[in-house]
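We name chains A, B, ... by the order of the sequence lines, and we start the count at 1 in each one.
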Number of protein chains: 2
Amino acid sequence: MPRDHFLSMVGSQLKGQSQESHGQQSQDSRDEILKAATQLFANRGFHETSMSEVAREARVSKALIFWHFKTKEELFLAVLNRLLEPYFIDFAEESRMLDERHQILRLVEFYLLFVRDHANSVRFFLAQMLREQRLSEGLGEQIMRLYSGYRNMLVELISRAQHRGVCASGFTPEDAAGFILSALNGLMIEFLFMPRATMNPESAVSMVDQWLFHASEREATEAVKAEH
Amino acid sequence: MPRDHFLSMVGSQLKGQSQESHGQQSQDSRDEILKAATQLFANRGFHETSMSEVAREARVSKALIFWHFKTKEELFLAVLNRLLEPYFIDFAEESRMLDERHQILRLVEFYLLFVRDHANSVRFFLAQMLREQRLSEGLGEQIMRLYSGYRNMLVELISRAQHRGVCASGFTPEDAAGFILSALNGLMIEFLFMPRATMNPESAVSMVDQWLFHASEREATEAVKAEH
DNA sequence: AGGATGCCTAACCTATCGGTCAAGGTTTAA
DNA sequence: TTAAACCTTGACCGATAGGTTAGGCATCCT
């Protein structure tokens with residue numbers, strides 16, 4: 001059943017980038033600028049970051065930035081793309097061999113690990129989407145696509161597991177997925193805002209396992225480990 | 001057991017306000033300015049809003065703003081206070097007569113209704129805390145106090161309910177409160193980001209009721225209604 | 001050789017930013 | 001009546017914002 005590449009859509013990203021192949025020497029400075037800009041935008045946001053700062057940080061003249069990117073906004077969009085890259089992974093690929101239960105658990109674990117490991121950019125995107133709709137139209141769309149892609153995977157997997165009778169079925173797959181996502185987002189919020197929150201993905205995975213598959217706590221822990 | 005006013009701390013707010021009683025004529029213009037500034041800051045954020053804009057929106061000269069507030073930052077803090085006011089309510093007062101179960105359910109309902117009715121400022125505070133730590137130090141503290149006040153109420157109520165034997169007790173009150181808060185925050189996220197999310201507080205309350213008190217769905221619905 | 005093109009900079013431009021100032025009108029109170 | 005305190009303004013200030021321009025120095029093609 002080759003519904004491949006649920007989450008792999010690295011192409012066709014935010015509008016307004018489409019950077020053609022330039023010469024090699026320009027690529028270096030362009031990268032330096034992008035690196036600096038990413039750093040600054042992510043830590044301070046769009047309006048709080050000036051082009052002069054970016055230029056200084058990238059050790060480049062301000063005019064060069066405007067040679068690479070027509071406007072500040074275009075630079076910002078390029079940065080968004082850069083930050084967004086790790087969000088697109090090919091999940092189906094790496095978990096094709098697992099049964100539904102382990103795929104679900106892996107998916108849950110993945111969400112939390114991702115938030116933990118990319119806390120900075122997650123925080124940035126959240127703030128960006130809460131504020132400044134204008135600049136984030138494409139971004140919001142993009143992230144919503146990711147989000148509903150993730151949700152659909154969950155729904156699909158739970159549905160399959162239910163049909164095979166290996167999963168609790170006192171609810172629709174949609175409701176179950178919605179519930180899990182709510183819980184995950186709750187954990188995310190806690191992690192992003194409470195400095196000392198530990199955010200233990202293992203215990204979350206174990207709770208989902210108990211809830212969906214009535215696994216004992218011991219079983220659940222082992223299930224996580226078994227995924228390598 | 002008079003642990004009064006869990007959430008009532010309207011006094012002692014953000015540093016740097018302390019507005020002495022001015023004459024009456026000044027109060028009007030001050031309010032106009034605050035109203036305009038609140039509007040603008042909440043929709044665009046601090047750096048994206050200029051004093052000239054505020055002046056124009058309030059139909060007042062820019063200099064007058066600086067007569068009322070020494071700096072832009074001071075104006076911003078005053079706005080934060082204004083936005084924060086509805087967050088401080090005296091919950092203990094209004095629910096003293098209810099038993100634990102209904103207090104808990106009321107508390108859960110309150111959280112969701114509040115987020116729904118103050119979506120704009122919630123969104124604003126969230127964005128503000130995700131970005132711009134500098135300006136939000138006091139704010140973050142303040143909100144954390146509110147948040148942990150809320151959590152403590154939950155913990156306390158669940159604990160009492162457990163001791164009276166009217167509440168499921170396969171977990172510590174702290175864990176239960178943490179779980180409920182995660183769920184609530186998950187719903188909040190969904191509501192803030194998904195335009196069409198319905199965010200039905202009743203069904204959430206009913207789920208908590210079923211979970212904590214093993215109430216049937218029918219009972220739970222009635223319990224909510226019974227609170228007036 | 002020599003122009004076309006690509007990469008890069010110092011200097012500059014205008015608009016707007018947060019903030020000040022000197023002065024004028026209005027109350028209040030002696 | 002008059003002076004002090006309060007309220008309000010237009011004009012102004014230096015700094016910095018995003019963005020432009022003219023030109024220098026490579027490199028490549030012919």
Atom CD1 of A/I65 to atom P of D/dT20: distance rounded to whole Å? 14 Å

B/E53 CD to C/dA15 P, straight-line distance once rounded to whole Å: 17 Å

Side-chain contact check for B/F66: nearest option of C/dC7, C/dC17, C/dT20 is C/dT20

Hey, are B/Y147 and B/N152 close enough side-chain-wise for a donor-acceptor pair under 3.5 Å? no

Could you tell me the separation between the NZ atom of B/K72 and the C1' atom of C/dT20, rounded to a whole number of Å? 17 Å

Separation of B/E32 atom CD from D/dC7 atom P, in whole Å? 16 Å

Side-chain H-bond candidate by donor/acceptor type, B/R82 with B/T38, under 3.5 Å: yes

Which whole-number value in Å describes the distance from A/H47 NE2 to D/dA17 P? 14 Å

Can you check the B/L64 CG to C/dT26 C1' distance for me, whole Å? 14 Å

What string of B, S and - do you get for nucleotides 22-28 of chain D, 5' to 3', if B is base contact, S is sugar-phosphate-only contact and - is no contact with any protein heavy atom under 4.0 Å? -------

Round to a whole Å and report the spacing from NZ of A/K70 to P of D/dT20. 11 Å

With a 3.5 Å cut-off and heavy atoms only, can you find an N or O donor on one side and an acceptor on the other between the side chain of A/K62 and the base of D/dG19? yes

